[in-house]
Asker: 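I'd like to ask you about the structure that follows.
Each ligand, and each atom within it, is numbered from 1 in the order the structure gives. Atoms considered below: every heavy atom in the structure, side chains included; atoms not considered: hydrogens, waters and symmetry mates.
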Amino acid sequence: MKKAILSTILLLSSTAILADTTMCFKENHKSMATIENTALDGGLCNGKFTVNDMKAKGWSVDDIKISQTATGMSFIYVLKTASTATSSSSNFIGNQAQMEANIMAKLEKKKEVEEKAKVEQEIKESATIAKELYTAKCQTCHGVNGEKSAYNSSRPLKDLSVEDMQESIKNYKVGKADSMNANIMASYANFIDYKEIKGIHAYLQSINKK
Ligand code: HEC
């Protein structure tokens, strides 16, 4: 707490120093060997300059943070000019902490967005699978929209909750259903699992909502 306040004060009072410190980063980079010749994002690198370019312009590397990501490594470079090096090091820490927090927040945000997109993609894929499964294996008896009473003995699937479906399918599987056409459905019940029933239920709900 005390340190945070100190950093803030130092940050406010060190505006002149800010221009001499910059922070550049690169996400999901594969190789340590090539990073120094890869254009970095953010700060004064701005997607144009590599660490080596920055060095040639008189900047030096003050700190490097590397973190592992799903598809590579993320690099954060703290760069400073010679003039910063002569200034008090606590000034520098104030700026660095602030910039680092900003970049970290940005990276976190991006990760969240990517993860959300992944979950949405999975839902979309399972909906596609459910649609294909239902169309190929179920709709002849249960109707295109799940509206038919199969062999005049089943309830329309579109009206069933996922729990209803699961319960009926389970009973066919274990031979507990003693309805007159149970044997017809039993062979189909045997090759679908709970996840597929969930998917088919969601699919039928989605096409009947329109
Ligand atoms: C050859 C026709 C046929 C096919 C194909 C078929 N079913 Fe059925 N299904 C039936 C019949 C007939 C019943 C009612 C059986 C009875 O009398 O209990 C039934 C019952 C059901 C029930 C229970 C309904 C209730 O009232 O509780 C569910 C759930 C169900 N089917 C899902 C499916 C799914 C999912 C598929 C595709 C994987 C499928 N069925 C494929 C004929 C079929």
Side-chain angles (χ1 to χ4, degrees), residues 25-35 38-42 47 65-76 100-210:
F25 64 97
K26 188 78 204 167
E27 287 177 90
N28 300 327
H29 189 77
K30 305 270 186 278
S31 158
M32 296 280 268
T34 54
I35 186 68
T38 301
L40 302 175
D41 297 315
K65 291 213 157 46
I66 303 172
S67 54
Q68 200 71 41
T69 64
T71 51
M73 284 170 281
S74 286
F75 293 82
I76 300 176
E100 203 172 287
N102 289 347
I103 290 181
M104 281 308 195
K106 223 160 120 185
L107 295 182
E108 274 307 307
K109 181 87 198 142
K110 206 176 156 199
K111 214 165 104 191
E112 256 173 48
V113 171
E114 280 170 1
E115 266 159 25
K116 212 175 136 208
K118 206 175 129 202
V119 169
E120 272 164 13
Q121 181 64 25
E122 276 169 13
I123 292 172
K124 229 166 109 186
E125 275 167 16
S126 77
T128 309
I129 292 168
K131 181 182 176 175
E132 280 167 6
L133 180 63
Y134 185 82
T135 317
K137 309 264 188 198
C138 322
Q139 78 172 15
T140 45
C141 296
H142 289 283
V144 172
N145 297 311
E147 77 289 357
K148 249 165 85 177
S149 167
Y151 285 63
N152 286 322
S153 63
S154 86
R155 293 172 287 175
L157 298 187
K158 73 176 178 58
D159 297 336
L160 300 184
S161 70
V162 68
E163 289 81 15
D164 288 339
M165 278 197 189
Q166 172 65 4
E167 179 64 20
S168 296
I169 296 290
K170 191 189 77 199
N171 288 336
Y172 294 125
K173 278 188 203 248
V174 298
K176 230 178 84 183
D178 53 7
S179 41
M180 61 176 180
N181 291 315
N183 62 326
I184 298 173
M185 184 54 210
S187 57
Y188 295 94
N190 278 332
F191 70 78
I192 53 177
D193 62 26
Y194 185 59
K195 223 177 110 192
E196 288 165 337
I197 294 167
K198 241 171 105 174
I200 287 172
H201 178 262
Y203 167 65
L204 290 176
Q205 293 302 308
S206 76
I207 58 172
N208 281 294
K209 229 172 27 198
K210 289 171 201 156

Asker: Short N/O distance, under 3.5 Å, between Asn181 and ligand 1?
Answerer: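 The answer is yes, given that Asn181 and ligand 1 share an N or O pair closer than 3.5 Å.
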Asker: Any atoms of ligand 1 less than 4.0 Å from a non-hydrogen atom of Lys137? List them with their elements.
Answerer: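 Going through ligand 1 atom by atom, the ones under 4.0 Å from Lys137 are 5 (C), 37 (C), 41 (C).
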Asker: Ignoring angles and geometry beyond distance, decide whether Arg155 reaches within less than 3.5 Å of ligand 1 through its nitrogen or oxygen atoms.
Answerer: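 Yes, since at least one N or O of Arg155 sits under 3.5 Å from an N or O of ligand 1.
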Asker: What do you reckon, does Ser153 have a nitrogen or oxygen under 3.5 Å from a nitrogen or oxygen of ligand 1?
Answerer: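 Yes; the residue has a nitrogen or oxygen that sits under 3.5 Å from a nitrogen or oxygen of the ligand.
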Asker: Any N or O of Ser168 that comes nearer than 3.5 Å to an N or O of ligand 1?
Answerer: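 There is such a contact, yes.
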Asker: If a pair satisfies salt bridge (Lys or Arg N to Asp or Glu O under 4.0 Å) and one of its residues is in residues 154-180, list it, with sequence neighbours excluded.
Answerer: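 Of all non-adjacent pairs touching residues 154-180, those that pass salt bridge (Lys or Arg N to Asp or Glu O under 4.0 Å) are Glu167-Lys170.
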Asker: What are the atoms of ligand 1, with element, lying closer than 4.0 Å to any heavy atom of Tyr151?
Answerer: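 Numbered from 1, ligand 1 contributes 2 (C), 12 (C).
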Asker: Under the rule for side-chain contact (heavy atoms from CB on, under 4.5 Å), what residues qualify as partners of Lys198, not counting sequence neighbours?
Answerer: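 Testing Lys198 for side-chain contact (heavy atoms from CB on, under 4.5 Å), a comparison that skips the adjacent residues, returns Val162, Tyr194.
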Asker: Assign the ring pair His29 / Phe75 to parallel, tilted or perpendicular, where the plane angle (0 to 90°) is split at 30° and 60°.
Answerer: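 Because their plane-to-plane angle is over 60°, the rings of His29 and Phe75 count as perpendicular.
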Asker: Does ligand 1 have an atom under 4.0 Å from some heavy atom of Ala177?
Answerer: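 Flag not set, Ala177 not near ligand 1.
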Asker: Does ligand 1 have an atom under 4.0 Å from some heavy atom of Tyr172?
Answerer: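 Contact present.
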Asker: Near atom 8 (Fe) of ligand 1, which protein N/O/S atoms fall under 2.8 Å?
Answerer: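 Less than 2.8 Å away from atom 8 (Fe) of ligand 1 sit His142 NE2, Met185 SD.
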Asker: Is the NZ or CZ atom of Lys106 both under 6.0 Å from the centre of the six-membered ring of Phe25 and within 45° of that ring's axis?
Answerer: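 Verdict for Phe25: no cation-pi partner in Lys106.
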Asker: Show me which atoms of ligand 1 lie under 4.0 Å from any heavy atom of Ser179.
Answerer: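 That gives atoms 16 (C), 17 (O), 18 (O) of ligand 1.
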Asker: If you look only at distance, which donor and acceptor atoms sit under 3.5 Å apart when one is on a side chain in residues 141-153 and the other is two or more places apart or in another chain?
Answerer:
{"from": "Glu147", "atom 1": "OE1", "to": "Asn145", "atom 2": "N", "distance (Å)": "2.8"}
{"from": "Lys148", "atom 1": "NZ", "to": "Thr140", "atom 2": "O", "distance (Å)": "3.2"}
{"from": "Ser149", "atom 1": "OG", "to": "Ser153", "atom 2": "N", "distance (Å)": "3.3"}
{"from": "Ser149", "atom 1": "OG", "to": "Ser154", "atom 2": "O", "distance (Å)": "2.6"}
{"from": "Ser153", "atom 1": "OG", "to": "Ala150", "atom 2": "O", "distance (Å)": "3.3"}
{"from": "Ser153", "atom 1": "OG", "to": "Asn181", "atom 2": "ND2", "distance (Å)": "2.9"}

